[in-house]
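Predicted model only: the values in this text are computed from it and were never measured.
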Amino acid sequence: MTELDLNFVRSQFPAFDSAVLGSHAFFENAGGSYPCRQVVDRLHRFYLDRKVQPYGPYPGAQAGGAEMDEARVRLAGLMGVKGEQVSFGPSTSANTYVLAQAVRVWLKGANAAIVVTNQDHEANSGVWRRLADEGIEVREWQIDPQTGSLDPADLSALLADGQVRLVCLPHCSNVVAEINDVAAVSAMAKAAGARVVVDGVSYAPHGLPDFAALGCDVYLFSAYKTYGPHQGIMLISEDFGAELPAQGHYFNAGSLYKRFTPAGPDHAQIAACAGMADYIDALHAHHFGVQADAAQRNRAVHDLMRAHEVAVVAPLLDYLAARNDLRLIGPRAAEARAPTVAVVLDRAAEPVSEALGREGIACWAGDFYAVRPLTAMGVDLEQGVLRMSLVHYTSADEVAQLIAALDRVL
C-alpha cells in the first residue's frame with residue numbers, strides 16, 4: 001500500500017516555513033487547517049490581477065470569471081457531482097441557515113416532521129430546531145450519554161410513522177468524532193420518504209466526500225478546514241434543489257448553484273478554491289502517477305490521508321486511554337473516528353491548553369459550539385474539554401511531542 005510522503009505534503013504548506021506558525025506543533029486543525037500553497041498563490045494572484053467585476057468584456061474580468069468557474073467545475077469532478085450542484089457561501093453556518101429557510105417554506109403546513117441529532121455542532125442543529133416555531137415537528141435522535149454514539153435503531157423508531165421529511169446529521173461530530181455511516185442512514189431515511197442533510201465540516205478535512213456513495217441529498221463543509229479560504233461549500237442533489245424554493249434573486253432561480261446564494265459571492269475566495277483541487281491532484285500525481293478521472297483521484301487521496309491519520313493518532317489514543325485522570329470522548333479505535341480528540345479533565349480545560357501553548361503545542365479548550373452533545377454526555381461546560389485535532393500533515397514526531405507535553409502539564 002502506498003504511504004503518504006509527509007515531506008512532500010508539508011512542502012505544500014507555507015505555514016511550516018513561517019517563523020510564527022512553525023514555532024508550535026499545530027493541533028487546532030478542527031478549528032481551521034493551514035491553507036495549501038496552491039490556494040495562497042491563487043488568492044494572491046486574484047487580488048493582484050483579477051480584482052474586478054468578473055466575467056466582464058476585458059482580460060482581468062474574463063480571467064477572474066474563468067477561475068471562479070474552474071473552482072466549481074474541478075471540485076465538482078473530484079466529488080462526483082455536476083458543477084451546478086456546487087454552491088459557495090460565506091460559511092457553512094450561513095449556507096445551512098439559507099437552506100433551512102428554503103425548507104421552512106417547503107414544509108410549511110405539511111404536517112411534517114424533521115429529525116435532528118444532539119451530536120451536532122450547533123450550526124447543523126439550531127437552524128433546524130427553530131423550524132418548530134413554524135409548526136414543523138422536530139424530533140431528536142439522541143446520542144448514548146456514555147459513548148456519544150448514534151444508534152440507527154433509534155432513528156428507525158423516529159421514522160416509523162412516515163411523517164419525517166428531513167433527517168439532519170453530522171458525518172462526524174467535532175467533539176465525539178465517531179464517523180457515522182451516512183450511506184446507511186441515507187438509505188434508511190429515503191426508504192421512509194425523507195431527505196438527508198449532512199454536516200461534513202468535521203469530516204471533509206480528512207478527505208473530500210464521494211457524494212453519490214453517501215446517498216444524501218445535501219452535504220455541507222468548510223473550505224477553510226479543507227486547506228482553502230474561508231468559504232462554505234454545499235453540494236445538493238438536482239431533484240431536491242429544484243424541489244426547494246429558491247432563496248437568491250428571482251432571475252437566478254433557474255441556476256442550481258445560484259438558487260441558494262442570496263448574497264453576492266466572494267469572487268477571490270471562490271477562485272482560490274481551485275487551489276484545493278490543485279493540491280489533491282498534486283498529491284495524486286506524486287503518490288500514484290497514473291492517469292485517473294477526478295473522482296478516482298479524490299478517492300485515492302482520501303484513502304491515503306485517512307491511512308496516515310489513523311496510524312499517527314493511534315499512539316495518542318493509547319496514551320489517553322491509559323490515564324485514569326481524564327475521560328476520552330468518542331471511540332477508542334482510531335479507525336472508527338476522525339483524528340479530532342476531545343478529553344474531559346479533572347479540572348478546567350482552558351488553563352491546560354494555555355500551559356500546552358507554553359510547551360510548544362497549539363490546541364484549545366471550551367465547548368466548541370458542541371453544547372448539546374457535551375451536555376448530553378454530562379460534561380461540565382464551565383470546565384469544557386481539551387481538544388487536540390490532527391490532519392494528514394501532522395507527523396508522528398509531533399504526536400510524540402504532544403504526548404510528552406501532556407505528561408508534563410497534566
Side-chain angles (χ1 to χ4, degrees), residues 28-36 39-40 42-43 46-47 68 71-72 75-76 79 81 85-104 116 119-131 168-175 197-206 208-209 211 216-236 241 244 246-249 252 256-277 338 340 364 366-372 387 389 391:
E28 179 56 8
N29 292 282
S33 67
Y34 289 147
C36 61
V39 165
V40 174
R42 281 180 177 266
L43 189 63
F46 198 97
Y47 278 113
M68 292 172 67
R72 179 174 290 105
L75 288 174
M79 295 181 284
V81 300
Q85 293 177 253
V86 180
S87 298
F88 293 93
S91 67
T92 294
S93 295
N95 286 347
T96 309
Y97 179 86
V98 172
L99 184 67
Q101 301 318 300
V103 169
R104 176 178 61 83
V116 299
Q119 194 189 62
D120 282 276
H121 181 287
E122 193 61 19
N124 197 45
S125 184
V127 293
W128 303 116
R129 291 169 187 270
R130 285 195 290 274
L131 295 183
C168 306
L169 77 154
H171 200 160
C172 68
S173 160
N174 68 331
V175 290
V197 173
V198 176
D199 173 11
V201 169
S202 293
Y203 184 85
H206 314 292
L208 295 184
F211 188 69
C216 54
D217 297 282
V218 179
Y219 193 96
L220 304 114
F221 67 98
S222 298
Y224 75 96
K225 297 186 182 183
T226 55
Y227 321 109
H230 202 116
Q231 285 286 286
I233 298 177
M234 180 175 77
L235 312 181
I236 187 166
L244 292 174
Q247 300 299 298
H249 300 315
N252 286 331
L256 180 55
Y257 77 88
K258 296 179 179 179
R259 277 179 77 83
F260 307 104
T261 309
D266 188 315
H267 307 141
Q269 291 197 54
I270 291 173
C273 283
M276 293 157 54
T340 300
W364 213 355
D367 61 44
F368 302 103
Y369 291 6
V371 172
R372 297 180 196 275
R387 190 177 72 175
S389 48
V391 289

Report task. For the pair Leu169 and Val198, evaluate side-chain contact (heavy atoms from CB on, under 4.5 Å) and give the outcome as yes or no after the intermediate values. Result -> CA-CA 5 Å; Leu169 77 154; Val198 176; 4.0 Å; yes
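Contact record, Val127 with Ala123: CG2-O, 3.6 Å, taken as the closest heavy-atom pair. Of all heavy-atom pairs between Asp120 and Asn124, the closest is OD1-ND2, 3.1 Å. Heavy atoms only, all atoms of each residue included: Val197 and Trp128 are closest at CG1-CZ2, 4.1 Å. Counting all heavy atoms, side chain and backbone alike, Phe368 lies closest to His121 at O-CD2, 3.7 Å. Scanning both residues, Val98 and Phe260, for their nearest heavy atoms gives CG1-O, 3.6 Å. Considering all non-hydrogen atoms of both residues, Tyr224 and Gly31 come closest at CE1-O, 3.3 Å.
The distance from atom CG of Asn95 to atom CD of Gln247, rounded to the nearest 0.5 Å, is 12.0 Å. Atom NE2 of His171 sits about 13.0 Å away from atom CG of Leu220, to the nearest 0.5 Å. A distance of 12.5 Å separates CZ of Phe221 from OH of Tyr203, quoted to the nearest 0.5 Å. Atoms CD and OG1, on Gln231 and Thr92 in that order, are 10.0 Å from each other to the nearest 0.5 Å. Here Ser91 contributes atom OG and Ile233 contributes atom CD1; the two are 12.0 Å apart, rounded to the nearest 0.5 Å. In this structure, OG in Ser222 is found 13.0 Å from CE in Met234, a value given to the nearest 0.5 Å.
Side-chain contact check for Val391 versus His206: some heavy-atom pair is nearer than 4.5 Å. Within the 4.5 Å cutoff, the side chain of Arg129 has heavy atoms near those of the Val116 side chain. A 4.5 Å side-chain heavy-atom check between Val39 and Pro229 finds at least one atom pair inside the cut-off. Side-chain atoms of Gln85 and Leu235, non-hydrogen and from C-beta on, never get closer than 4.5 Å to each other. At a threshold of 4.5 Å between non-hydrogen side-chain atoms, the residues Cys273 and Leu75 count as touching. Looking only at side-chain heavy atoms (C-beta outward), Val103 and Leu244 come within less than 4.5 Å of each other.
In this structure, Ser33 contributes its side chain and Asn29 its backbone to no donor-acceptor pair below 3.5 Å.
For the 3.5 Å distance criterion, the side chains of Ser87 and Thr261 fail to qualify, holding no donor opposite an acceptor.
With sequence neighbours left out, Arg72 forms a side chain to side chain donor-acceptor pair (under 3.5 Å) with no residue at all.
Partner of Asn174 under the side chain to side chain contact (heavy atoms under 4.5 Å, CB included) criterion, out of Gln119, Lys225, Arg387: Arg387 alone.
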